[in-house]
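In what follows, a single structure is set out as structure tokens and then discussed.
Quick note: numbers below take in every heavy atom, side chains included, and nothing from hydrogens, waters or symmetry partners. Below, chain A is the first sequence line, B the second, and so on; all start at residue 1.
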Protein chains: 2
Amino acid sequence: MRADARRNYERLLAEARTAFTERGTDASLEEIARRAGVGIGTLYRHFPHRTALMSAVFQGEVEALLARSRELLAAPQPCTALLEWLRTIVAHASTYRGLSRALMAAQSDDGSALSRCSMPMQAAGSKLLDRAQRAGAVREGVDIVDLMQLTNAIALAVEQSPDDPELADRLLALTLQGLKARPAEADA
Amino acid sequence: MRADARRNYERLLAEARTAFTERGTDASLEEIARRAGVGIGTLYRHFPHRTALMSAVFQGEVEALLARSRELLAAPQPCTALLEWLRTIVAHASTYRGLSRALMAAQSDDGSALSRCSMPMQAAGSKLLDRAQRAGAVREGVDIVDLMQLTNAIALAVEQSPDDPELADRLLALTLQGLKARPAEADA
DNA sequence: ACCTGAACACCGTTCAAGT
DNA sequence: ACCTGAACACCGTTCAAGT
């Protein structure tokens with residue numbers, strides 16, 4: 001890549017990151033280009049779809065998230081560790097309004113740039129889920145894909161209720177603790 | 001209201017209903033006005049915000065949903081009835097792409113037209129939840145507001161994955177059955 | 001090879017002019 | 001009292017012209 005092209009790429013990425021943080025992933029592409037000091041055509045050249053821009057931003061953060069998952073895999077309490085991982089995902093998604101929605105949509109669209117980003121995230125979650133199940137803290141028959149979708153859905157609910165900072169914790173607790181008092185028992 | 005004004009109101013409402021069904025609640029307001037055979041200004045006169053239009057459409061369906069909740073309140077199995085109610089909500093929301101998102105947002109905005117619509121829905125859910133709790137099928141300490149938010153969040157996830165028709169059932173089951181094998185027990 | 005920005009299409013919203 | 005639709009602002013996307 002030519003030196004000026006690379007510089008433009010980096011500038012666009014940096015401006016996209018701040019714009020997505022401040023205004024959500026629906027932020028105006030024209031404004032991102034303008035703030036990066038390039039023409040709108042240059043933005044489209046480097047990032048043909050909005051999703052391309054989103055996944056480039058997201059990818060820059062996946063490594064840090066994965067590092068956190070490795071820490072949690074060594075934590076003493078498997079179930080608490082899993083909960084903490086889901087909390088991390090929700091907290092991260094809250095930084096980029098609109099990201100969780102895109103991630104949910106990407107899950108049913110293999111091969112998309114965003115779904116490639118979320119694959120290692122899913123693998124990390126899978127390890128934490130497995131460990132909690134082996135420890136007997138979480139019942140069998142729970143699919144990591146479903147759990148991620150539900151987590152993203154919770155992130156979306158949290159996005160929608162900015163004035164209730166504890167909603168995330170309550171909904172995750174609801175998910176994890178479950179509604180049934182005695183899961184094995186038949187309906188009352 | 002003048003006769004022609006009322007007719008315009010009804011036409012706009014009918015077109016909004018079909019547009020929201022076909023294209024989601026982000027449907028173009030200009031198109032709705034055009035298909036209703038009125039000027040765009042007339043739409044804004046009758047429905048000052050998009051939310052006004054949405055809640056008018058929604059309100060027209062609340063009665064039928066409430067009737068269903070009364071049926072379920074008489075069903076033999078309290079927990080199954082509650083699950084069925086949540087399923088009904090998700091299924092309805094899936095008919096209007098974008099509605100569940102608006103409902104989640106409305107929950108933290110008392111007094112909005114949409115939140116007035118969802119209050120009786122919440123009351124209906126509360127009765128079903130209470131009954132399941134009194135029967136011992138659902139643990140105490142579950143808030144109906146949280147449960148509704150989670151249900152709307154699930155509806156949103158389902159919206160995002162149109163090619164996985166069973167996702168709703170799986171996520172609702174996940175919510176209801178819960179993750180913990182033995183809820184009362186400490187972490188493993 | 002890459003960049004620019006005018007051009008086109010589309011939408012939301014307001015408001016002066018009409019009946 | 002109500003309706004109309006032009007007008008304005010804004011955004012996404014493409015592409016011919018430039019370097």
Nearest-Å distance, [atom1] ([X]) to [atom2] ([N])?
| X | N | atom1 | atom2 | value |
| --- | --- | --- | --- | --- |
| A/L43 | D/dC11 | CG | P | 14 Å |
| A/I40 | D/dG12 | CD1 | C1' | 8 Å |
| A/R23 | D/dC10 | CZ | P | 12 Å |

Heavy atoms only: give me the nearest B/R139-B/Q133 pair and the separation to one decimal. O-NE2, 3.2 Å
Taking all non-hydrogen atoms of both residues into account, name the closest pair between B/G125 and B/W85 and its distance. CA-NE1, 3.5 Å
Should B/E15 and B/R11 be marked as a salt bridge (charged side-chain N to carboxylate O under 4.0 Å, His left out) after you check the CA-CA gap, both sets of side-chain angles, and the distance that decides it? CA-CA 6 Å; B/E15 287 304 331; B/R11 278 186 187 164; over 6 Å; no
Can you list every pair that meets salt bridge (charged side-chain N to carboxylate O under 4.0 Å, His left out) and has a residue in [range], with sequence neighbours left out?
| range | result |
| --- | --- |
| residues 64-83 of chain A | A/E63-A/R70, A/R68-A/E71, A/R68-A/E84 |
| residues 100-119 of chain A | none |
| residues 147-167 of chain A | A/D164-A/R170 |
| residues 43-62 of chain B | B/R17-B/E61 |

Restricting to pairs with a member in residues 95-137 of chain A, which pass ring pair (Phe, Tyr, Trp, His ring centres under 6.0 Å), not counting sequence neighbours? A/H92-A/Y96
List in chain and number order the residues that pass side chain to side chain donor-acceptor pair (under 3.5 Å) with B/Q160, two or more places apart in sequence or in another chain; answer none if no residue qualifies. none
Name all residues meeting the side chain to side chain donor-acceptor pair (under 3.5 Å) criterion together with A/S161; count only those two or more places apart in sequence or in a different chain, and write none if there are none. B/Q149
I'd like a table of donor-acceptor pairs (distance under 3.5 Å, sequence neighbours excluded) in which one partner is a side-chain atom from residues 28-40 of chain A, with atom names and distances.
| from | atom 1 | to | atom 2 | distance (Å) |
| --- | --- | --- | --- | --- |
| A/S28 | OG | A/E30 | N | 3.3 |
| A/S28 | OG | A/E31 | N | 3.1 |
| A/E31 | OE2 | A/R23 | NE | 3.4 |
| A/E31 | OE2 | A/R23 | NH2 | 3.3 |
| A/R35 | NH2 | A/E22 | OE1 | 3.4 |

Give me the residues of residues 45-55 of chain B where at least one heavy atom lies under 4.0 Å from an atom of DNA chain C, by number, or none. B/R50
Expected output is a numbered-order residue list: members of residues 24-33 of chain B with a heavy atom under 4.0 Å from any atom of DNA chain C. What is it? B/A27, B/S28, B/L29, B/E30
Residues of residues 4-18 of chain B with any non-hydrogen atom less than 4.0 angstrom from an atom of DNA chain D: list those, numerically ordered, please. B/D4, B/A5, B/N8
Does the side chain of B/V90 come within less than 4.5 Å of B/S94's, by heavy atoms? yes
Counting Watson-Crick and G-U wobble pairs with both distances under 3.5 Å, what is the dot-bracket string for DNA chain D, 5' to 3', using [ ] for crossing pairs and | for pairs to another strand? ||.|||||...|||||.||
